[in-house]
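Counting convention: from 1, in listed order, for ligands and their atoms alike. Numbers here are sequence positions counted from 1.
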Amino acid sequence: MLLKPLATVLDIQRMSTEDGPGLRTTLFLKGCNLRCAWCHNPESIDARPVVQWNKVRCIGCHSCNEVCQNGALVFSEHGIFITAENCALCLACVEECPSGALNVKGEVFEAERLLTELLKDRAYFGEDGGVTISGGEPLLQPEAVTWLLEALKKAGLNTALDTAGLVKTDLLLRALRHADLLLYDIKLMDDAEHRRHTGGGNAQILENLVKTAPYLKESGKKLWIRTPIIPGSTDSKENIRAIAAFLAGSVRDAAERWELCAFNNLCRHKYESLDWDWGYKETALVTDYAMAELLLLAASELKGSNIEVYGTGSTRSTSTGKE
Ligand code: SF4
Ligand code: SF4
């Protein structure tokens, strides 16, 4: 057993139904090494806890500035910016703000305290449910993830690890020893497109999956692949065909399911409250017709394999099948 590490947590989401089998608790860790243009969790990108300003709630009273001893708040015509390098996270501004326009995103937990929190939820896990560790990229905190997965397994819980896979292979394999399920993102097969839309290449991600698949199969652990269906970037038939060909070749005996996850824009308010521009703010949901076409294509490309194709997320109804 490793020494008890610290974990920087964004959120603990309870009664989750989208991060593995059954009813689960999903632990979102902070920090990410990709910059997906469609990111649904922008507050998870920064590895540190940060104070965030909410433009909509701010009444412009400047009380926060009066209590900050570090000159960390910068006021401009665009609003209030908190300079992370000056901020001591004393939270005086958060306590002083009369309108709740400042709050802290993220908290550092000792792993043992986090374990106690997670174990409180075991009453609703039933036979299938359990704990999923997600992010951000959880494996940027490998000691905490491995410690928690091991402790959760020892407590008899079902465990899942949700990763984008851009990490060293040995970190992934070490954490997987204590996971029942690996949730693994494959977004784009074309490396240049992957770099353009996510800020990083896909070579390590694909290589990790190829190296991990035999271990998953031998040890009876489950592998679910997830592809976000993002209009204008991952949703081409060419991309779906290329991912299917990769799955049918390198990981066909290990993967149990492939989820195509329809884009949603529910995170728009997060970008608004951060006062960040989001290129997908006006993007409509994927149509039911387009989603059905991609699902059919994925299933037909994997015909004869044991990989089941699923669609998740909301789509937009069309009566004609066209826009
Ligand atoms: S948390 Fe403390 S240091 Fe950081 S901006 Fe607020 S008052 Fe200043
Ligand atoms: S204290 Fe709160 S409401 Fe007042 S200026 Fe600062 S963020 Fe805005």
Could you identify the single nearest non-hydrogen protein atom to [atom] and state the distance to 0.1 Å?
atom: atom 8 (Fe) of ligand 1; value: C68 SG, 2.3 Å
atom: atom 2 (Fe) of ligand 2; value: C97 SG, 2.4 Å
atom: atom 5 (S) of ligand 1; value: A72 CB, 3.7 Å
atom: atom 4 (Fe) of ligand 1; value: C87 SG, 2.4 Å
atom: atom 1 (S) of ligand 1; value: L91 N, 3.2 Å
atom: atom 3 (S) of ligand 1; value: N70 ND2, 3.1 Å

Taking non-hydrogen atoms only, is E96 closer than 4.0 angstrom to ligand 2 via side chain, backbone, both or neither? neither
Ligand 2 versus L102: contacting region, heavy-atom distance under 4.0 Å: side chain
Going by the side-chain contact (heavy atoms from CB on, under 4.5 Å) test, name the single residue among T234, L302, T227 that passes it with I243. T227
With L161, the side-chain contact (heavy atoms from CB on, under 4.5 Å) member among L172, L183, L181: L172
Does V67 have a non-hydrogen atom less than 4.0 Å from ligand 1? no
Where ligand 2 meets [X] - atom numbers and elements under 4.0 angstrom, heavy-atom basis:
X: W53; answer: 7 (S)
X: S99; answer: 3 (S)
X: H62; answer: 4 (Fe), 5 (S)
X: P98; answer: 1 (S)

Donor-acceptor contact below 3.5 Å, side chain [X] vs main chain [Y]:
X: S305; Y: R252; value: no
X: T83; Y: A72; value: yes
X: N86; Y: N70; value: no
X: E301; Y: I240; value: no
X: D191; Y: N202; value: yes

Could you walk me through whether N239 and K187 pass the side chain to side chain donor-acceptor pair (under 3.5 Å) check? CA-CA 9 Å; N239 185 45; K187 301 173 175 87; over 6 Å; no
If we count only N and O atoms by modelled type, under 3.5 Å, do the side chains of R24 and T132 hold a donor and an acceptor together? yes
How close do A155 and L119 get, counting heavy atoms only, and between which atoms? CB-CD2, 3.8 Å
Suppose I only count heavy atoms of A88 and a 4.0 Å limit; which atoms of ligand 1 are within that range? 3 (S), 4 (Fe)
For C93, counting its heavy atoms only, list the atoms of ligand 1 lying under 4.0 Å from any of them. 1 (S), 5 (S), 6 (Fe), 7 (S)
Counting backbone and side chain alike, does C61 bring an N/O/S atom below 2.8 Å of atom 8 (Fe) of ligand 2? no
Partners meeting salt bridge (Lys or Arg N to Asp or Glu O under 4.0 Å) with R122 (sequence neighbours left out): none
Look at C58 and state whether any of its N, O or S atoms is less than 2.8 Å from atom 2 (Fe) of ligand 2. no
Counting backbone and side chain alike, does C64 bring an N/O/S atom below 2.8 Å of atom 6 (Fe) of ligand 2? yes
